[in-house]
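Remarks on the structure that follows.
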Amino acid sequence: MSMLTPPGMGGKYRVTGAAYPRMSRPRRRRRIVLTVLGAVLGLALLGYGTLQLMNVFRGGSGKPVAAGKDCATPKPRAGAAAAASPAAKPAVALPQPGQITVNVYNATPRAGLAKAVADELKKRGFTVANVGNAPADFDKKVPGTGILLGSPKTDKAAFSVLGTQLEGDTQQTDAREGADIDLILGDAFKELSPKETADKELYLLANPQPAPAKTC
């Protein structure tokens, strides 16, 4: 008889073998944990969706983002549209090339340079008067590309218009009374600026570009 057999019971009710019935672990706690995790995940997704929806409505409302005081867009002044139209007059009144009388003088050892430059200036509309070698005060004494020499009373715009035809020129005045301008060609002179380049500089001279708007 086994020690597990209650007294008074025969061998019919003896427990044999090494297997015993086991109780299964309750699943209620696992179900609660999964439920809580699902609720937290659902709330997170709901909050994210709400935030995205608010951003969509806020971005599509058409309201501009508030800018700082320095970046506020100024109101257009009266007549601004008319000034921007293609028919508007240039901001700076410049003399036409035909209104400028030029004397071309050669201060370099190269023969025929003054005549070649004078002929090209005529093609570009300038009025050419005297052509020849430079006066003794300038002959072989101009290291740059050229000197524009005129009266102190000469319109400064005339100097600017003639100056678009060559790079690196300098401006000087003398005691003359007339409005003509001497173009004295120096040792560094090679040729006049290409006509397309000179025309572009003339346009910018007559139509100054506004300063770029300040960016935030």
Side-chain angles (χ1 to χ4, degrees), residues 74 76-214:
R77 296 178 298 176
S85 63
K89 294 182 179 180
V92 178
L94 298 177
Q96 296 298 314
Q99 298 173 316
I100 302 175
T101 301
V102 186
N103 304 313
V104 184
Y105 297 118
N106 182 14
T108 75
R110 290 178 286 172
L113 184 61
K115 184 179 184 305
V117 172
D119 291 342
E120 181 61 27
L121 289 176
K122 287 180 181 179
K123 292 179 182 179
R124 300 186 183 188
F126 290 89
T127 300
V128 177
N130 301 320
V131 179
N133 293 326
D137 292 342
F138 296 97
D139 191 27
K140 313 296 188 301
K141 300 175 183 178
V142 181
T145 58
I147 296 175
L148 302 183
L149 182 64
S151 169
K153 300 179 182 180
T154 302
D155 186 2
K156 301 302 181 183
F159 282 100
S160 299
V161 172
L162 181 57
T164 60
Q165 306 303 309
L166 72 160
E167 298 291 338
D169 59 273
T170 59
Q171 298 179 10
Q172 296 182 17
T173 59
D174 56 13
R176 76 184 66 191
E177 295 293 334
D180 58 323
I181 301 175
D182 294 348
L183 170 56
I184 305 175
L185 304 174
D187 294 335
F189 179 84
K190 294 182 179 180
E191 61 182 3
L192 293 175
S193 298
K195 188 176 185 305
E196 294 77 7
T197 302
D199 290 344
K200 184 181 297 184
E201 291 186 13
L202 276 174
Y203 177 82
L204 295 176
L205 194 65
N207 301 273
Q209 301 300 309
K214 184 177 181 180

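As a basis for the values below, the full set of heavy atoms in this structure was taken, side chains included, without hydrogen atoms, waters or symmetry mates.
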*Checking side chain to side chain contact (heavy atoms under 4.5 Å, CB included) for the pair E177/K153: CA distance, chi angles, key distance, verdict?*
CA-CA 8 Å; E177 295 293 334; K153 300 179 182 180; 3.9 Å; yes
*asked:* So T108 and F189, do their side chains get closer than 4.5 Å, heavy atoms only?
replied: no
*Of L185, D182, L149, which meets side chain to side chain contact (heavy atoms under 4.5 Å, CB included) against Y105?*
D182
*Could you grab the distance from atom CZ of F159 to atom CD1 of I181, nearest 0.5 Å is fine?*
4.5 Å
*Taking all non-hydrogen atoms of both residues into account, name the closest pair between S151 and R176 and its distance.*
OG-O, 3.1 Å
*May I have the step-by-step check of side chain to side chain contact (heavy atoms under 4.5 Å, CB included) for T127 and Q96, ending in yes or no?*
CA-CA 10 Å; T127 300; Q96 296 298 314; over 6 Å; no
*Just how far is it from atom OG1 of T101 to atom CG of D180, taken to the nearest 0.5 Å?*
6.5 Å
*Verify the neighbour count for atom NZ of K140: are there more than 12 heavy atoms of other residues, nucleotides or ligands below 6.0 Å?*
yes
*Shortest non-hydrogen contact between A157 and P95, atoms and distance*: CB-CD, 3.6 Å
*Closest heavy-atom contact between A107 and D187?*
O-OD1, 4.1 Å
*Taking all non-hydrogen atoms of both residues, which atom of R110 and which atom of L113 are closest, and how far apart?*
NH2-CD2, 3.6 Å
*Apply side chain to side chain contact (heavy atoms under 4.5 Å, CB included) to L183 and L121, showing your working.*
CA-CA 11 Å; L183 170 56; L121 289 176; 4.0 Å; yes
*Going by an N to O cut-off under 4.0 Å, is there a salt bridge joining R124 and E120?*
yes
*Among I100, T164, V161, find the residue that satisfies the side chain to side chain contact (heavy atoms under 4.5 Å, CB included) test when tested with L94.*
V161
_From L202 atom CG to L162 atom CG, the distance as rounded to the nearest 0.5 Å_ = 10.0 Å
_Electrostatic pair D119:K123 at N-O distance under 4.0 angstrom_ = no
_Show the nearest heavy-atom pair for residues S160 and L205, with the distance to one decimal._
CB-CD2, 3.6 Å
_Closest non-hydrogen atom pair, D169 against L166_ = OD1-O, 3.1 Å
